[in-house]
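Structure, as structure tokens:
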Amino acid sequence: MANQPQQLELPVPRTYSRTEFTALRARVKGLSIATIARAYFDTETTEPLEVERLLRTMREDLVALALREGSSVLTSHLRASLAQHGEVRLTPVTLQLIEEAAGQWATAQPEGDHAIARWFRPLVAERLAGEGIRTVGELVAFINRRGGSWWRALPRIGLGRARVLVAWLRRHAMSIGQTVEADVALTDPLAAPATSATILVTTGAAQLAPLERLAVPVELSGACGANRAPGFAYVRATHDLDAVRAYLHRYDDRPQTQRAYQRELERLVLWCVAERGVALSSMTVEDCDAYKAFLKAPGERFTGAPVARASRQWRPFAPGGLAPESQHYAVRAIRAAFTWLVQVRYLAGNPWRAVTDPVTVKRVRKLQVERALSLELWTRLRATLADRAEGVGPARARWRAARALLLILGDGGLRIAEAAAGERRALAWWPADDEAPASWLLEVIGKGRKQRFVPVSDECVDALRAHWRDRGLDFDAADAHGPLVAPLVVPSTPRARAKFGVAQDDAPRIGNVEKGYSVRGARGLTQWAIDQLLEAMPELSEAQRRKLARTSPHAFRHTVATQMLASGAALEVVQQTLGHASLGTTSIYVSPEQSHLRREAAKYHARLKQR
């Protein structure tokens, strides 16, 4: 029987990503495998040998496709190289021709479940992974959730790179199966004129807007509010939004307080307009009671996941409503604002004076106090910080910065904003005086612009000296000035340069900056150190690991208070160190009744076991 011709079915050729094409070009140009692996692949999961195998296989696949699909000139050239050398030797020119011939079959299309590392350089993939973004689909969802300023939540992802990423995602929306929404602008939302982003919110409207973008109908603006005071007003506010902004301007020098009050007042204005259909300056006691009840369970259109304020998905409340303590704070903040509006004769009266505060539990002891580190754990952390700061490797300078910041927090009991704002000129050496030993004292301007002096240890000052050396500065110079703790690397974006007071033409790596870490940056450095310490201290007990994992910058403040009291320090001294306005606040760290209760209960439980 004669052999019948059979159709040979070729396997589907493998496809390759843009990153892999770039890596092959680099190899053809003569770059080493080690350099290519470091620049284009994740070195923690990919060995150089695997990269070499991948590029060899990729070259063979592309050449095979080019021989089948390429022009006669290209195929003749490839066959001649194969006959002469036993393999096809590529040059940048021939590789470009091969890509043109075979690229349309070999180039992969991104899909939603593809890993970020397959399509973007390791540095970008690592920064996205830090926010839990590991696939292309997760990146699209993150951008849509955060809105136009999504990139601000990611370290070293500037506006320029954000534009490239968004444009790429939109270009491949069909293969990904998701698209970046149209309201995610490729411009800096903070640089856009406020008037261009104004949103008119009416009664029953589903779209809400934050205070800086809010516009309301004339009939709900409060220009003719029923509670407007007759006669001359002390502020030039023609409507309710102007009055709210005038009140918030009182706290321009206290940005954290200003943000807290703005949050409560914009929530109230939005509820009045979109839900109640009444102007702020026409609220009655019944309206106030209704809003107090609304705080327990805000409507669905008022709640949403945290996103940028420039996003159309922004909502004034997080899902789940407010805790009783937050409801209590909201009512008191609103009552205080209305009191001021009455004082400046914008309003005739304050309906919130007739509204009772939400019921809250009177706690004997704040739960946050339990986050204080034990003396043993804090001592071990200090030792590990010192070891890491003296070690070798690219992270050692960051370890020294983290050690300096944590020791400031843990020696002086400072709030994170106070530590971030610390200046060299505020730290002075005080010689011994009678029974008082020589020590370093740091001048701190705390809440309410109140001045206090807190002592810091010699160990903390040594850590600051090492951090300053990394910045190329002399900590002990007579004219030394500048932030105590500052970033060593400032991005080259204009916004970052302006933020840290760096000239636009300086190199990316800067040591001497005019401004230190922001509160957010200091929190990020603290969290990085805690995450690293958890990995560097495997000998910790499970209880200690849980304690450390829950540690926040404020936990070091609690640690100072509890350890000072445990060492016999007077309550008044701890109050002065922490900058508390009253002894009552400081006394939450003292709980002899609770200790007595636990001792007696333990005796009772022990007797039960003996029965």
Side-chain angles (χ1 to χ4, degrees), residues 38 42-44 122-123 126-127 129-130 155-156 371-414 416 419-420 422 427 440 442 456-473 475 483-490 509-511 513 516-560 563:
R38 187 167 58 251
D42 187 351
T43 55
E44 293 186 2
L123 191 60
E126 179 183 349
R127 291 165 185 165
R156 307 296 303 279
R371 296 186 178 180
L373 305 179
S374 65
L375 180 61
E376 178 192 1
L377 180 56
W378 179 220
T379 303
R380 295 174 70 175
L381 289 183
R382 294 172 76 105
T384 306
L385 284 169
D387 291 340
R388 293 284 162 165
E390 295 175 358
V392 296
R396 62 184 183 277
R398 193 175 187 187
W399 272 112
R400 285 192 280 268
R403 181 184 179 224
L405 177 62
L406 294 185
L407 290 184
I408 291 175
L409 293 170
D411 279 359
L414 272 62
I416 187 65
L427 183 59
W440 290 87
L442 177 63
V456 295
S457 65
D458 292 340
E459 183 183 0
C460 177
V461 174
D462 288 340
L464 288 169
R465 284 195 182 97
H467 171 58
W468 274 53
R469 283 195 295 272
D470 290 332
R471 292 158 55 188
L473 302 173
F475 180 85
L484 287 176
V485 185
L488 299 174
V489 178
V490 176
R509 181 173 291 274
I510 305 296
V513 296
Y517 279 103
S518 64
V519 173
R520 179 179 175 181
R523 288 186 186 277
L525 181 61
T526 303
Q527 188 59 54
W528 173 85
I530 290 171
D531 293 341
Q532 296 296 316
L533 287 168
L534 283 168
E535 296 183 6
M537 304 175 69
E539 72 281 2
L540 293 178
S541 66
E542 186 59 31
Q544 289 175 326
R545 296 188 68 83
R546 287 198 301 269
K547 172 79 74 172
L548 183 57
R550 295 196 304 267
T551 296
S552 66
H554 213 68
F556 295 99
R557 181 171 167 84
H558 299 318
T559 301
V560 172
Q563 297 305 330

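These figures come from a predicted structure and were not determined experimentally.
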Let me have the donor-acceptor pairs involving side chains of residues 522-533, under 3.5 Å, with sequence neighbours excluded, atom names and distances please.
unit_1	atom_1	unit_2	atom_2	d
T526	OG1	A522	O	2.9
Q527	NE2	D531	OD1	3.0

* Can you tell me how far the CG atom of D387 sits from the CD atom of E390, to the nearest 0.5 Å? -> 6.5 Å
* Can you list the residues that meet the side chain to side chain donor-acceptor pair (under 3.5 Å) rule with R545, with sequence neighbours excluded? -> none
* **Any donor-acceptor N/O pair, Q544 side chain to E539 backbone, under 3.5 Å** => no
* To do: Would you please name every residue forming a salt bridge (Lys or Arg N to Asp or Glu O under 4.0 Å) with E535, sequence neighbours left out?
  => none
* Asked: For A397 and L488, which heavy atoms make the closest approach, and how far apart are they?
  -> CB-CD1, 3.4 Å
* Could you check F556 against T551 for side-chain contact (heavy atoms from CB on, under 4.5 Å), going step by step and ending with a plain yes or no? => CA-CA 8 Å; F556 295 99; T551 296; 3.9 Å; yes
* **side chain to side chain donor-acceptor pair (under 3.5 Å) partners of S457, counting only residues at least two apart** => D411
* **Partner set under side-chain contact (heavy atoms from CB on, under 4.5 Å) for S552, not counting sequence neighbours** => R371, H554, A555
* Quick one: closest heavy-atom pair of L464 and A404, and the distance? => CD2-CB, 3.8 Å
* Just wondering, do V456 and L407 contact through their side chains at under 4.5 Å, heavy atoms? -> no
* Asked: Any idea which heavy atoms bring H467 and V485 closest together, and the distance?
  -> NE2-CA, 3.5 Å
* Geometric class of the F475/W468 ring pair [parallel <30°, tilted 30-60°, perpendicular >60°] -> perpendicular
* Asked: Minimum heavy-atom separation for A486 to P483, with atom names?
  -> CB-CG, 3.8 Å
* **side chain to side chain donor-acceptor pair (under 3.5 Å) against D462, all qualifying residues, sequence neighbours excluded** => R465
* Asked: Hey, what do you get for CG (L427) to SG (C460), rounding to the nearest 0.5 Å?
  -> 7.5 Å
* To do: Can you measure from CD1 (I416) to OH (Y517) and round to the nearest 0.5 angstrom?
  => 11.0 Å
* To do: Name all residues meeting the salt bridge (Lys or Arg N to Asp or Glu O under 4.0 Å) criterion together with E459; count only those two or more places apart in sequence or in a different chain, and write none if there are none.
  => R382, R403
* **Shortest non-hydrogen contact from L484 toward I408** => CD1-CD1, 4.2 Å
* Asked: Taking side chain as C-beta onward, heavy atoms only, is E376 less than 4.5 Å from S541?
  -> no
* To do: Write down the atom of R557, the atom of G413, and the distance for their closest heavy-atom approach.
  => NH1-O, 2.6 Å
* **Qualifying side-chain hydrogen bond (donor to acceptor under 3.5 Å, both in side chains) pairs, either residue in residues 391-400, two or more places apart** => R400-D470
* **Interatomic distance, L548 atom CG to W378 atom CH2 [nearest 0.5 angstrom]** => 10.5 Å
* Asked: So do the side chains of L381 and L406 get within less than 4.5 Å of each other, counting heavy atoms only?
  -> no
* To do: Would you indicate whether the side-chain heavy atoms of L373 and Q563 approach each other to under 4.5 Å?
  => no
